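Just so we're clear, the structure is a prediction, and the values are computed from it rather than from any experiment.
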Amino acid sequence: MRKAMLVLAAGALAGTASAQMMYATNNLAATNGYTGGGDQLIMFDAANPAGWTGIEITDSVSGRGLNGWGGLDFDGGGTLWGADSFGSNPGGIYTVNPATGVATLVGNGPAAMADLAWDPNTGDLYGTDAAGNLYGNLDDPTNAVLIGNYGIGSLEVGLGFDSAGNLFMHDLVTDGIYRAPAGNLTSVALMYSLPFDSNFSQGLFVDWSRNDDGFHGALNNSALTTEVWPFATDGSGYGPMLSVFPQDAGTGLPEVELGDLTMLPIPAPASLGLLGLGLVGLRRRR
């Protein structure tokens, strides 16, 4: 694989905030032939994802590729967490090395998590299953705690927290983004009705360490495109669409299907920033 010059990679990392550089999982990697059977951990500019880079997510013990990843988020200390949502080990919670893609199993939670999100207000890792159950303490998954159910009654696939601990979730059936006040699942309310049919893999992230901006990584089922949409967590607007990933000429599908997306929180730990150079320097595998 071609390596980018270190100075260029460092420059790209230094401009992360303005360029909105994101980490994400690519659920199409295994089927589109980019890798050896696992999903990819990718990095991309939310405003210009055509230059995305990726490495395969592999198991730290077996070395095999891992797929079916639906949750990804950094905690407040800069550790990257991931969840196997529909792969070979549904319910598995892992830490992931962002430079190598190597995933280490921490334990299995009480259910397969459709998304993960860090709440800076409580200092805890949370997850949602598809049935709308919110779990806490997922950085210790064997001792995860059921917080409650959103009461939407559909198919929850996205989760995020703002800096005050307000909760945001994406429901696939109603094509809506919902909000609940911090610590109060009895007041869940529809915030946005999406302007398209969302389906298959989706990702939700709220940038709690900077400005509480929301991001939705969406598979638009009508257009069969993977898109990035911003949304205001104060309720002032969803969209317009920020960007769209390229289409693969061979399959006609998007090059990327986002299982989840996240950003490195600031201030970024120095060691993690250096690890990020490994991912910036990789090109797409064909």
Show your working on side chain to side chain contact (heavy atoms under 4.5 Å, CB included) between Tyr94 and Asn89 and close with a plain yes or no. CA-CA 11 Å; Tyr94 297 77; Asn89 184 29; 3.3 Å; yes

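Residue Phe205 is grouped with residue Leu258 when hydrophobic side chains (ILVMFWY) are merged at heavy-atom distances under 4.5 angstrom, including chains of intermediate members. In this structure, Val173 is not a member of the same hydrophobic cluster as Met191, with clusters built from ILVMFWY side-chain heavy atoms closer than 4.5 Å. No continuous path of ILVMFWY side-chain contacts below 4.5 Å connects Leu134 to Val157, so the two sit in separate hydrophobic clusters.
Remark: Asp84 pairs with no residue by the side-chain hydrogen bond (donor to acceptor under 3.5 Å, both in side chains) rule, at least two apart or across chains. For the side chain to side chain contact (heavy atoms under 4.5 Å, CB included) test, residues two or more places apart in sequence or in another chain that qualify with Asp75 are Thr79, Trp81, Trp118. Partners of Phe231 by ring pair (Phe, Tyr, Trp, His ring centres under 6.0 Å), not counting sequence neighbours: none found. For Ser209, the side chain to side chain contact (heavy atoms under 4.5 Å, CB included) criterion is met by Asp207, Pro265, Ile266, not counting sequence neighbours. Legend: residues meeting side chain to side chain contact (heavy atoms under 4.5 Å, CB included) with Ser193, ordered by chain and number and at least two apart, are Leu190. Listed by chain and number, the residues in a ring pair (Phe, Tyr, Trp, His ring centres under 6.0 Å) with Trp229 are Phe196, Tyr238 (sequence neighbours excluded).
Ring-centre distance between Tyr192 and Tyr178: not below the 6.0 Å cut-off. The ring of Tyr126 has its center closer than 6.0 angstrom to the ring center of Phe161. The six-membered or imidazole ring of Phe74 lies near that of Tyr23, with a centre-to-centre distance under 6.0 Å.
Within the 3.5 Å criterion, the main-chain N or O of Gly259 finds no donor-acceptor partner in the side chain of Ser201. Between the side chain of Asp115 and the backbone N or O of Leu159, at least one donor-acceptor pair lies under 3.5 Å. Formation of a donor-acceptor pair under 3.5 Å by the Asp129 side chain with backbone atoms of Ala111 is not found in this model.
Contact between Ile42 and Val256 at its shortest, heavy atoms only, is CD1-CG1, 3.8 Å.
Taking CG from Asn26 and CG from Asp260, the interatomic distance works out to 13.0 Å, rounded to the nearest 0.5 Å.
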